[in-house]
Amino acid sequence: MINRFRWKDLPPAGREKILRRAESDITALIPLVLPIVEAVRAEGDRALVRFAGQYDRVELRTGRLRVTRREQREAAKKCPPRVRAAIEIAMRNIERHHRRQMPQPLALTTTEEGSMAGEKITPIASCGLYVPRGKGSFPSVMMMLGVPAMVAGVERVIVCTPPGPDGEVDPATLVAAGACGVSEIYRAGGAQAIAAMAFGTETVPKVDKVLGPGSGYVAAAKRLLYGIVDVGLPAGPSESIILADASTDPRLAAADLLIEAEHGPDSTALLVTHDAGLARKVESLLPALLRRIPAGRREFCEKVLAGYGGIIITENLRESIGVVNSFAPEHLEILTAEPLRVMEKIRNAGEILLGPHTPITMGNFCAGVNAVLPSGGFARTCSGLTVHDFMKRTAVVSLSRAGFERLADTACALAEYEGFPAHSLAVKTRLAKKKPTPGKGKRK
């Protein structure tokens, strides 16, 4: 079964439900996540070990929370050669893209004669990266987080990732971490991992910022810990919109609809089109495509298409674009006849993939752009992950004597109007100091 909506017939409550997707579920999870966060703060490593058994079904000792250097070296032997080669290619493209984002370490501009203002760029001192694993293994996420951290020059980077059933960390993720220069990796997943990086434990260090996508539990933990640690952009359950018209190949639209749906039952996957005929063709193709997907992922897709996903039929392309901008999807594929012209009218999307040869798959893994993107509607105000998320800007100002005198009256007028006499006094004190007379004070 797949949801099918006609946008004009949906009542306001129906539209709001679609636009909110999994966000309401994340809010409901906060009371469940709060005790986990508090336990990690109070008990440290002991809580991490207990939750590993409770949620990951893995028996761990506190001494095994950190992945050893030997385990990292052996990961290359366990990782299939084809995957190692893919990591090398993806790393190259991701690094090229992110190096182009690097700003100048110091940039100053003359605002007026004698006055200079600008910014000094400094890498964040420490950062924790969260690489999920619950519904699969994600070396691609390791690269998407680790490469910009490396390029930005973050001094200390740590990784938390859930252990597998055998207590081991995914070997491809370890290979990717090594390629990013990251050697500090911990077996910890879910809300407890976010809390560990926020508070610090006996083994896991406290960091200045935590970044990385995750389940609703991870998203809920980030909301609770906001203010204790910088939790970065909101990256929750996966979501996508395939924007299509009469020119779209229904086979591509149907296949691409399943890309984000297979991430998990809390994902969102929508086809938005004003062509009812295309919608019917896509719907008819889905059963055969679903049969080609292994049972576990197929179940995810079926739940998504009957839950947060489905097909939205609009009256025209203009209304379809309006739906996209209202939804603000994490991933947007434009499969229309003129994707570039449509893109000009898109205001809100984490990423935009243009044309029939650019499925979301390419952005997720190897095209070079970052796949850690704002979800839950935050693409209205947030951008995807870049090197800038691992850096901070410090304002720099420098005035000459002439520049100071030129702005003195302006500064005093505003300070006095706003009721800050000390601000004004600091300026007037400097004005009272007479300029040295040329030649005066020199010995003859």
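What you see is a predicted model, and the numbers here were worked out from it, not measured in a lab.
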Test applied, side-chain contact (heavy atoms from CB on, under 4.5 Å); reference residue, L145; option that passes from V182, L211, V159, V157: L211
Validation row: N348, V324 side chains within 4.5 angstrom (heavy atoms): no
Side-chain heavy-atom pair L373, L385 within 4.5 angstrom cut-off: no
Minimal non-hydrogen separation, D45 against E202, with atom names: N-OE1, 2.8 Å
Check: R223 and P234 side chains under 4.5 Å, non-hydrogen atoms: no
Side-chain donor/acceptor of R380 to backbone N/O of S326, under 3.5 Å: yes
Side chain to side chain donor-acceptor pair (under 3.5 Å) pairs, two or more places apart, involving residues 281-292: R4-E283
Reported OG1-to-CZ distance for the pair T161 and R133, which is rounded to 0.5 angstrom: 7.0 Å
Close side-chain approach of M1 and E302, heavy atoms under 4.5 Å: no
R341 CZ: over 12 foreign heavy atoms closer than 6.0 Å: no
Distance (rounded to the nearest 0.5 Å) between R318 CZ and E315 CD: 13.0 Å
Within-4.5 Å side-chain heavy-atom neighbours: V304 and T268: no
N-O pairing of K8 and E319 below 4.0 Å: no
Test side-chain contact (heavy atoms from CB on, under 4.5 Å) applied to N370 and H97, H98, E351, Q101, the passing residue: H98
Shortest non-hydrogen contact between A219 and I26, atoms and distance: CB-CD1, 3.9 Å
Under 3.5 Å: donor-acceptor pair, side chain of K209, backbone of D389: yes
Any donor-acceptor N/O pair, Y130 side chain to G190 backbone, under 3.5 Å: yes
Side-chain heavy atoms of F327 within contact of I18, under 4.5 Å: yes
Minimum heavy-atom distance G310-I2, with the two atoms named: CA-CG1, 3.8 Å
Full working for salt bridge (charged side-chain N to carboxylate O under 4.0 Å, His left out) between R84 and E88: CA-CA 6 Å; R84 291 202 309 270; E88 290 179 11; over 6 Å; no
Euclidean distance, I158 CD1 relative to S126 OG, rounded to 0.5 Å: 8.0 Å
For V131 against P162, the heavy-atom pair lying closest together: O-CD, 3.3 Å
Within-4.5 Å side-chain heavy-atom neighbours: D256 and L335: yes
Test applied, side-chain contact (heavy atoms from CB on, under 4.5 Å); reference residue, I94; option that passes from V147, V369, I89: V147
Residues E168 and R64 bridged, charged N to O under 4.0 Å: yes
Donor-acceptor pair, side chain of T358 and main chain of L353, under 3.5 angstrom: no
Heavy-atom pair of closest approach, residues G377 and E239: N-OE2, 4.1 Å
Over all atoms of both residues, closest heavy-atom pair of A220 and L29: CB-CB, 4.2 Å
More than 12 heavy atoms from other groups under 6.0 Å of CE on M116: yes
Backbone of P265 reached by a side-chain donor or acceptor of K303 within 3.5 Å: no
Donor-acceptor contact below 3.5 Å, side chain E71 vs main chain T68: yes
Interatomic distance, R15 atom CZ to L10 atom CG [nearest 0.5 angstrom]: 6.5 Å
Spacing of CD1 belonging to I241 relative to CD1 belonging to I312, to within rounding of 0.5 Å: 6.5 Å
Nearest-0.5 Å distance that lies between atom OG1 in T361 and atom CD in E260: 8.0 Å
Of all pairs that satisfy ring-ring contact (aromatic ring centres under 6.0 Å, His included), the ones with a partner from residues 36-68, not counting sequence neighbours: F51-Y55
Ion pair E262/R298, N-O distance below 4.0 Å: no
Donor-acceptor pair, side chain of E155 and main chain of I124, under 3.5 angstrom: no
side-chain hydrogen bond (donor to acceptor under 3.5 Å, both in side chains) between D245 and S247, intermediate numbers included: CA-CA 5 Å; D245 62 11; S247 71; 2.6 Å; yes
Min side-chain heavy-atom separation C301-L290 under 4.5 Å: yes
